[in-house]
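Below is one structure, written out as structure tokens, with a few remarks after it.
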Amino acid sequence: MTLVIAHRTGPRDARENSLDGIATAAENGADVVEIDARRSRDGTPVLLHDPWLLRVQHRPLAVKWMRDGALERLGVPTLASALEVAAERNVHLAIDTKDPGAAEAVLTVVRAAAATDQVLLWSQHMPAVRSYVRALPDAEVALLRDTFTADEHDRLLADAAAIGAR
């Protein structure tokens with residue numbers, strides 16, 4: 001089966017990691033919409049690829065320094081809002097957890113939305129992947145890593161298998 005996955009919500013059609021981006025990606029035929037999750041200062045999972053608000057929001061501030069209210073005023077959506085839009089549009093979310101300590105917060109929001117069957121949980125951080133595998137053993141969980149050689153490919157696959165990523 002082939003899946004169409006919109007990366008960062010398809011930023012050519014709407015702002016990346018936005019609620020409009022999720023809706024637009026679904027309208028354009030995506031089966032899965034990839035988003036990036038980080039934690040606010042308050043511990044809330046929000047959608048942003050970079051650790052800083054500079055590239056997308058034009059503010060030289062770290063996401064982890066920002067309170068929820070300030071991020072909301074800047075238009076940074078929460079993971080909870082993203083899950084609502086994805087459910088309305090009947091599309092799955094691939095959540096790429098950029099913040100290595102955000103796994104528990106992501107799991108809390110996914111469970112509260114009763115969306116465990118509508119998400120793919122991804123991260124470059126082995127502790128986050130381990131948390132996902134332990135918490136949701138039937139979920140699709142992926143360890144992400146850039147690899148450039150056969151040895152690096154083999155190491156990635158071995159690491160992913162060792163921690164139970166599927």
Side-chain angles (χ1 to χ4, degrees), residues 3 5-9 15-19 21-22 25 31-57 59 61-146 155-166:
L3 288 177
I5 301 176
H7 183 248
R8 288 191 209 164
T9 70
R15 195 174 86 203
E16 72 177 54
N17 282 302
S18 69
L19 302 180
I22 295 168
D31 302 299
V32 179
V33 180
E34 184 264 347
I35 58 172
D36 300 297
R38 294 186 174 279
R39 283 179 301 172
S40 69
R41 182 174 178 178
D42 297 318
T44 303
V46 297
L47 276 54
L48 202 68
H49 179 272
D50 302 341
W52 295 84
L53 294 164
L54 188 59
R55 186 174 56 82
V56 176
Q57 298 294 337
R59 301 276 201 282
L61 301 166
V63 176
K64 66 182 179 182
W65 298 344
M66 303 294 295
R67 295 226 178 254
D68 292 349
L71 289 169
E72 182 179 353
R73 285 189 296 280
L74 290 171
V76 177
T78 64
L79 176 58
S81 296
L83 288 165
E84 287 176 20
V85 171
E88 291 167 3
R89 300 300 179 137
N90 197 31
V91 67
H92 286 65
L93 289 182
I95 304 168
D96 184 353
T97 306
K98 298 294 189 181
D99 174 353
E104 290 306 317
V106 167
L107 284 167
T108 297
V109 171
V110 167
R111 286 179 174 135
T116 57
D117 293 339
Q118 286 78 43
V119 297
L120 295 78
L121 300 167
W122 299 352
S123 186
Q124 293 182 347
H125 306 285
M126 287 183 67
V129 174
R130 277 191 199 101
S131 292
Y132 292 146
V133 167
R134 288 181 187 138
L136 300 173
D138 295 329
E140 181 175 314
V141 179
L143 175 64
L144 306 177
R145 187 181 298 155
D146 292 331
R155 178 59 190 250
L156 169 60
L157 294 173
D159 287 348
I163 60 175
R166 306 179 327 115

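Numbers for residues simply follow the sequence, beginning at 1.
- Smallest separation of non-hydrogen atoms from Gln57 and Leu74: OE1-O, 2.8 Å.
- In this structure, Leu71 CG and Ser40 OG are separated by 6.0 Å, a value rounded to the nearest 0.5 Å.
- Counting only residues at least two apart or in different chains, ring-ring contact (aromatic ring centres under 6.0 Å, His included) contacts with residues 64-106 comprise Trp52-Trp65.
- Annotation: the span from Leu143 atom CG to Ser123 atom OG amounts to 7.5 Å, rounded to 0.5 Å.
- Of the possible polar contacts, one joining the Ser131 side chain to the Pro127 backbone as a donor-acceptor pair under 3.5 Å is found.
- Ion pairing between a basic and an acidic side chain is recognised when a charged N comes within 4.0 Å of a carboxylate O; Asp159 and Arg145 show such pairing.
- The local environment of CD in Glu72 is sparse, with at most 12 non-hydrogen atoms from other residues, nucleotides or ligands closer than 6.0 Å.
- What you find for Ala135 and Leu107 is that their closest heavy atoms are CB-CD1, 3.5 Å.
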Check the pair Val141 / Arg166 against side-chain contact (heavy atoms from CB on, under 4.5 Å), numbers first and verdict last.
CA-CA 5 Å; Val141 179; Arg166 306 179 327 115; 5.9 Å; no
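- You'll find the side chain of Leu53 reaches within 4.5 Å of the side chain of Val63, heavy atoms only.
- Across Ala25 and Ala6, no two heavy atoms sit closer than the pair CB-CB, 3.6 Å.
- Looking at Val133 and Ile163, their side chains never come closer than 4.5 Å, going by heavy atoms from C-beta outward.
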Go through Leu120 and Ile95 one step at a time and tell me if the side-chain contact (heavy atoms from CB on, under 4.5 Å) criterion holds.
CA-CA 6 Å; Leu120 295 78; Ile95 304 168; over 6 Å; no
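- To the nearest 0.5 angstrom, Leu156 atom CG is 10.5 Å from Gln124 atom CD.
- Considering only heavy atoms from C-beta on, Asp99 stays 4.5 Å or farther from Val106 through its side chain.
- Ionic pairing of Lys98 and Asp96 is present here: one or more N-O contacts between side-chain nitrogen and carboxylate oxygen are shorter than 4.0 angstrom.
- Distance alone, capped at 3.5 Å, is enough to place a donor-acceptor pair between the Thr108 side chain and the Glu104 backbone.
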So Val109 and Thr78, side-chain contact (heavy atoms from CB on, under 4.5 Å) or not? Walk me through it.
CA-CA 10 Å; Val109 171; Thr78 64; over 6 Å; no
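- For Arg55, the salt bridge (Lys or Arg N to Asp or Glu O under 4.0 Å) test picks out Glu16, Asp50, with sequence neighbours left out.
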From CA spacing to verdict: side-chain contact (heavy atoms from CB on, under 4.5 Å), Val46, Leu79:
CA-CA 5 Å; Val46 297; Leu79 176 58; over 6 Å; no
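- The minimum heavy-atom distance linking Ala103 with Thr97 is given by the pair N-CG2, 4.3 Å.
- Under a 3.5 Å cut-off, the side chain of Arg38 and the backbone N or O of Leu47 do not form any donor-acceptor pair.
- For the pair Glu34 and Arg8, the tightest heavy-atom approach, listed with the atom from each and the gap, is OE1-N, 2.7 Å.
- Between the side chains of Asn17 and Thr9, no donor-acceptor pair of N or O atoms lies under 3.5 Å.
- The shortest distance between side-chain heavy atoms of Leu93 and Leu83 falls below 4.5 Å.
- Pairing each heavy atom of Val129 with each of Ala165, the nearest pair is CG1-CB, 4.1 Å.
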